[in-house]
Amino acid sequence: MSTSSLAAALPPDRRQSPTALKIARGTTRLLHSLGFSVVTELPLASGRRADLVALGADGEVVIVEIKSSIADFRADQKWIDYRLHCDRLFFATTIEVPCEIFPLDTGLIVADAYGAAIICEAPEHRLHAATRKGVLLAFARAAALRLSALADPDGSYGSYGVEL
């Protein structure tokens with residue numbers, strides 16, 4: 001199955017707004033172009049669910065929190081917890097949302113449905129080894145279970161990382 005047909009086989013995720021889905025798509029394309037693999041909506045050990053988690057070939061873990069509007073940013077302050085689960089933390093938004101509302105100690109990505117650009121690099125704060133291992137295992141497990149669910153939609157995979 002090709003990558004494009006795999007993407008077409010994924011069911012729509014009804015938790016996000018159409019704008020958030022477009023930001024996720026463009027940001028994922030950017031991260032792929034930078035050599036990262038990406039998993040969406042990854043459950044973290046803290047009980048939070050990260051919008052995008054990207055894994056670099058060197059084991060770097062990047063979390064991207066998507067904010068589709070000023071109201072979305074103001075209503076959700078749980079992003080602070082994500083810093084404990086990544087080496088770098090970014091926000092991703094649209095060109096219509098003013099960049100000034102985002103914290104200076106995070107990175108910023110501006111995206112649309114077709115691509116994205118890093119406006120501000122995120123500072124690095126390396127994970128502890130045990131935390132890195134936990135995030136990597138969650139990433140691998142979620143990715144594997146999601147691929148298995150695509151190959152066999154009627155199989156039994158449990159709920160971890162598979163929400164079809």
Side-chain angles (χ1 to χ4, degrees), residues 3 6-7 9-11 13-16 20-21 23-68 72-93 99 101-111 116-153 155-164:
T3 302
L6 236 171
L10 291 170
D13 187 335
R14 292 178 175 44
R15 288 180 295 236
Q16 292 86 21
L21 291 173
I23 295 167
R25 179 179 167 193
T27 301
T28 297
R29 287 180 172 190
L30 169 69
L31 291 167
H32 285 163
S33 76
L34 297 173
F36 288 89
S37 298
V38 180
V39 169
T40 62
E41 296 294 324
L42 184 69
L44 302 170
S46 65
R48 302 283 189 211
R49 183 183 301 265
D51 292 333
L52 300 177
V53 177
L55 177 61
D58 62 353
E60 179 182 17
V61 177
V62 173
I63 291 182
V64 180
E65 175 67 2
I66 296 170
K67 294 298 170 202
S68 57
D72 182 20
F73 175 74
R74 289 186 178 152
D76 180 7
Q77 295 299 308
K78 65 182 179 283
W79 62 267
I80 295 167
D81 295 340
Y82 298 147
R83 190 179 303 279
L84 302 174
H85 303 280
C86 63
D87 295 307
R88 293 190 297 150
L89 177 63
F90 285 88
F91 281 97
T93 193
C99 297
I101 70 168
F102 296 102
L104 296 175
D105 62 341
T106 62
L108 183 63
I109 296 170
V110 173
I118 295 175
I119 304 304
C120 180
E121 275 294 340
E124 185 178 68
H125 40 84
R126 301 296 291 177
L127 286 172
H128 294 287
T131 304
R132 181 177 310 285
K133 179 181 178 184
V135 173
L136 293 177
L137 288 172
F139 187 99
R141 183 167 165 77
L145 286 170
R146 291 173 189 181
L147 283 173
S148 294
L150 285 172
D152 180 12
S156 175
Y157 306 103
S159 62
Y160 186 86
V162 181
E163 298 195 19
L164 298 177

*Asks:* Is there side-chain contact between His32 and Thr28, with heavy atoms separated by less than 4.5 Å?
*Replies:*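 A side-chain contact under 4.5 Å exists here.
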
*Asks:* Whether the side chain of Asp87 engages the backbone of Val61 through a donor-acceptor N/O pair (distance < 3.5 Å, no angle test) should be reported.
*Replies:*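 Judged by distance alone, yes, a pair lies under 3.5 Å.
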
*Asks:* Tell me the closest heavy-atom pair linking Ala116 and Ala111, and the distance in Å.
*Replies:*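 In terms of heavy atoms, the two residues are closest at CB-CB, 3.5 Å.
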
*Asks:* Does any part of the side chain of Phe90, heavy atoms only, come nearer than 4.5 Å to the side chain of Leu52, both counted from C-beta?
*Replies:*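 Counting from C-beta outward, Leu52 and Phe90 never come under 4.5 Å.
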
*Asks:* With the side chain counted from C-beta on, respond yes when Ile63 and Leu44 share a heavy-atom pair under 4.5 Å apart, and no when they do not.
*Replies:*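 A side-chain contact exists here, since the closest heavy-atom pair is under 4.5 Å.
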
*Asks:* Rounded to the nearest 0.5 Å, how far apart are CG of Asp81 and OG of Ser46?
*Replies:*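 Answer rounded to 0.5 Å: 5.5 Å.
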
*Asks:* Say whether, by atom type as modelled, one donor and one acceptor occur between the side chain of Arg132 and the main chain of Gly59 under 3.5 angstrom.
*Replies:*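 The answer is yes, because a donor-acceptor pair under 3.5 Å joins these two groups.
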
*Asks:* Any non-hydrogen side-chain atom of Thr27 less than 4.5 Å from a side-chain atom of Asp51?
*Replies:*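 Thr27 vs Asp51: side chains apart.
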
*Asks:* Given Ile109, which partner from the list Ile23, Leu30, Thr93 fulfils the side-chain contact (heavy atoms from CB on, under 4.5 Å) test?
*Replies:*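 Per the side-chain contact (heavy atoms from CB on, under 4.5 Å) rule, the option paired with Ile109 is Leu30, out of Ile23, Leu30, Thr93.
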
*Asks:* Could you give me the CA-CA distance, side-chain angles and deciding distance for Val64 and Leu31, then say whether side chain to side chain contact (heavy atoms under 4.5 Å, CB included) is met?
*Replies:* CA-CA 10 Å; Val64 180; Leu31 291 167; 4.1 Å; yes

*Asks:* Kindly determine whether Cys120 and Phe102 satisfy side chain to side chain contact (heavy atoms under 4.5 Å, CB included), including the steps that lead there.
*Replies:* CA-CA 11 Å; Cys120 180; Phe102 296 102; over 6 Å; no

*Asks:* Take Leu84 and Thr131 through the side chain to side chain contact (heavy atoms under 4.5 Å, CB included) test and state the conclusion after the steps.
*Replies:* CA-CA 8 Å; Leu84 302 174; Thr131 304; over 6 Å; no

*Asks:* Step by step, work out the side chain to side chain contact (heavy atoms under 4.5 Å, CB included) result for Arg146 and Val39.
*Replies:* CA-CA 10 Å; Arg146 291 173 189 181; Val39 169; 3.1 Å; yes

*Asks:* Give me the atom names and distance for the closest heavy-atom approach of Gly107 to Pro123.
*Replies:*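 Reported closest heavy-atom pair: N-CD, 4.4 Å.
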
*Asks:* Among residues at least two apart in sequence or on other chains, which ones pass salt bridge (Lys or Arg N to Asp or Glu O under 4.0 Å) with Arg88?
*Replies:*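 Residues passing salt bridge (Lys or Arg N to Asp or Glu O under 4.0 Å) with Arg88: Glu60, Glu121.
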
*Asks:* Would you say the side-chain atoms of Thr106 pair up with the backbone N or O of Leu89, donor to acceptor, closer than 3.5 Å?
*Replies:*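 Absent.
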
*Asks:* As an exercise, state the distance from CD1 of Ile66 to CZ of Arg25, rounded to the nearest 0.5 Å.
*Replies:*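 So the CD1 of Ile66 and the CZ of Arg25 are separated by 13.0 Å.
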
*Asks:* Return the orientation label for the Trp79 and Phe73 ring planes: parallel under 30°, perpendicular over 60°, tilted otherwise.
*Replies:*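 Taking Phe73 first and then Trp79, their aromatic rings lie parallel (interplane angle under 30°).
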
*Asks:* Please list, chain by chain and in numerical order, all residues satisfying salt bridge (Lys or Arg N to Asp or Glu O under 4.0 Å) with Lys78, sequence neighbours excluded.
*Replies:*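 Here the qualifying residues are Asp76.
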
*Asks:* So which atom in Val53 and which in Phe139 form the shortest heavy-atom distance, rounded to 0.1 Å?
*Replies:*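 Looking at all heavy atoms of both residues, the shortest contact is O-CE1, 3.2 Å.
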
